[in-house]
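Here's the structure, in structure tokens; my notes come after.
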There are 2 protein chains.
Amino acid sequence: MPIKQNIRLTVDAVVFGYIPREGIVVLLIKRTIPPFLHSWALPGGFVLDEETLEAAVTRELLTEAGVNINYLEQLYTFGLPGRDPRGRVVSIAYFGLVNPTNFKLAASSDAEDASWFNIKDLPDLAFDHAAIIDIAVQRLRNKIRYEPIGFELLDKKFPIADLEKLYETLLDRSIDRRNFQKKINHLGILIAHNEKQKQVSQGRPAKLFSFDEARYFQLKKDGIAFEI
Amino acid sequence: MPIKQNIRLTVDAVVFGYIPREGIVVLLIKRTIPPFLHSWALPGGFVLDEETLEAAVTRELLTEAGVNINYLEQLYTFGLPGRDPRGRVVSIAYFGLVNPTNFKLAASSDAEDASWFNIKDLPDLAFDHAAIIDIAVQRLRNKIRYEPIGFELLDKKFPIADLEKLYETLLDRSIDRRNFQKKINHLGILIAHNEKQKQVSQGRPAKLFSFDEARYFQLKKDGIAFEI
DNA sequence: TCAAAAGTGTTTAGCTTACACCCATGC
DNA sequence: GCATGGGTGTAAGCTAAACACTTTTGA
């Protein structure tokens, strides 16, 4: 049997949202307990003895920020000695996607504040959370090369331009509108609706689309080679 | 401060090798301690309080199988309650690649045997190690879609046919020899040598190649869209 | 001289890219 | 009626895929 270990286990969640006019945002909470008291940090905390890792993440997201996530995947485990001043703490980071407009953030007893931050404009962060977000951003940017993306991030019904802007934001370059539409149509994941976007700006109102969920998740599972 | 946790932490290594005439093999050890006494299992063990996760994997690989790995990456963390009969044990699995011909496996005090097994013909395994290997095989098969592969698995100098057979094994289908060579040449990662393969079988002896390491690792870093 | 594997090039099809004009709406 | 963004199609270039014959060696 092993010598007694003195290592503790936490989970952290990097939850991304997309706001068409603003860009990619990440959910942060303000800590109410030391260390890093009053610092911004990723939602997360210690794993309970009998709960699954996913349950721990879900629980922390709910209690610290009032957020319920459908899409969560494991990101990476961070375990360098010294990453936590309290001693050896290994953290399993998760990666989530949500539509920020679906939630009213609710800071609870566990956090004095919860807020979305643009990933281009992050505050100083507790622990190694800046590094964790870096890895998560890489994962997000890579994802679009072999998976359809957008379902979890956009409104149920959206104009194609929003999806295109999401890709442009993640790829950090402009995309030809016409070619983009051809490719997306070719994937067959969009359903057109007989509805037009309510005017928010000038110009012709856009048709609204939604994802064909069956096909979307099939492609997500199979993987695609999607080069825009 | 958190309630006292009763969770322990291990690492496990899924180390793959490639044997051109046999296929993809994985390194397993035979356990000398309960639970699963005398079962085949992945090399691995408890993380020491002050060591990094990578150091723990490297140490276990060396002491249990006498193997030294250059290429190791984190695979996934397995944490379901009940996966270990001794109590709550969370295991961080690593993924490694080696050329099996570089090592003489040495079972040490920690393992009564160490051996390569074809991934198509695995014995019963301890814990959830069969599931861990499944995930690792998926990772390996996915890797070839966006990274060059082969450097860690093949001999320093090799005939192109060996590299092609590696791709055929991983993709589980045949590849057109001529188109494959064109693509590999186009990547510019191979250096031709003025040496021929020593005859092992009938037929014209093949030219030997090696990897241009600088270019290989550059492409590995940048990612490629490599569809064969 | 035959069997086995290696070496090499061309044609075709499909996909990707570049590109421009018309339409619907608000001001 | 003009400014703004939306909707749509075609031609050219490039990459991928299919495909066959010749060369070198061992037996």
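Below, read A as the first sequence line, B as the second, and so on, with proteins coming before strands; counting in each chain starts at 1.
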Q. Rounded to the nearest Å, what distance is computed from the CD atom of residue Q202(B) to the C1' atom of nucleotide dG26(D)?
A. 5 Å
Q) Among the nucleotides dT25(C), dT8(C), dT25(D), which one has an atom lying closest to any side-chain atom of P205(A)? A) dT25(C)
Q) Expressed in angstrom and rounded to an integer, what is the separation of H186(B) atom NE2 from dG9(C) atom P? A) 16 Å
Q | Spacing of N179(A) atom CG relative to dA11(D) atom C1', expressed in whole Å | A | 12 Å
Q | For atom CD of Q181(A) and atom P of dT17(C), their distance in whole Å | A | 16 Å
(Q) In this structure, how many angstroms lie between the C1' atom of dG9(D) and the CZ atom of R178(A), rounded? (A) 10 Å
(Q) Can you tell me if K183(A) touches the phosphate of dT17(C), counting only side-chain N or O atoms and a distance under 4.0 Å to OP1 or OP2? (A) yes
(Q) How many whole angstroms separate atom CZ of F158(A) from atom P of dG6(D)? (A) 14 Å
Q) How far apart are the C-alpha atoms of R31(B) and E112(B), what are their side-chain angles, what is the distance that settles it, and do they pass the salt bridge (Lys or Arg N to Asp or Glu O under 4.0 Å) test? A) CA-CA 6 Å; R31(B) 292 176 58 84; E112(B) 62 184 50; over 6 Å; no
Q. Ion pair present between K143(A) and E73(A), side-chain N to carboxylate O less than 4.0 angstrom?
A. yes
Q) With the threshold set at 4.0 Å, does a side-chain nitrogen-carboxylate oxygen contact exist between E164(B) and R178(B)? A) no
Q: In whole angstrom, give the distance that lies between atom CD1 of I184(A) and atom P of dT16(C).
A: 12 Å
Q) Across the strands shown, which category fits K182(A) at heavy-atom distances under 4.0 angstrom: base, sugar-phosphate, nothing? A) base
Q) Between dA20(D) atom P and R177(B) atom CZ, what is the distance in whole Å? A) 13 Å
Q. Can we say K157(B) and D155(B) salt-bridge, meaning some charged N sits less than 4.0 Å from an Asp/Glu carboxylate O?
A. no
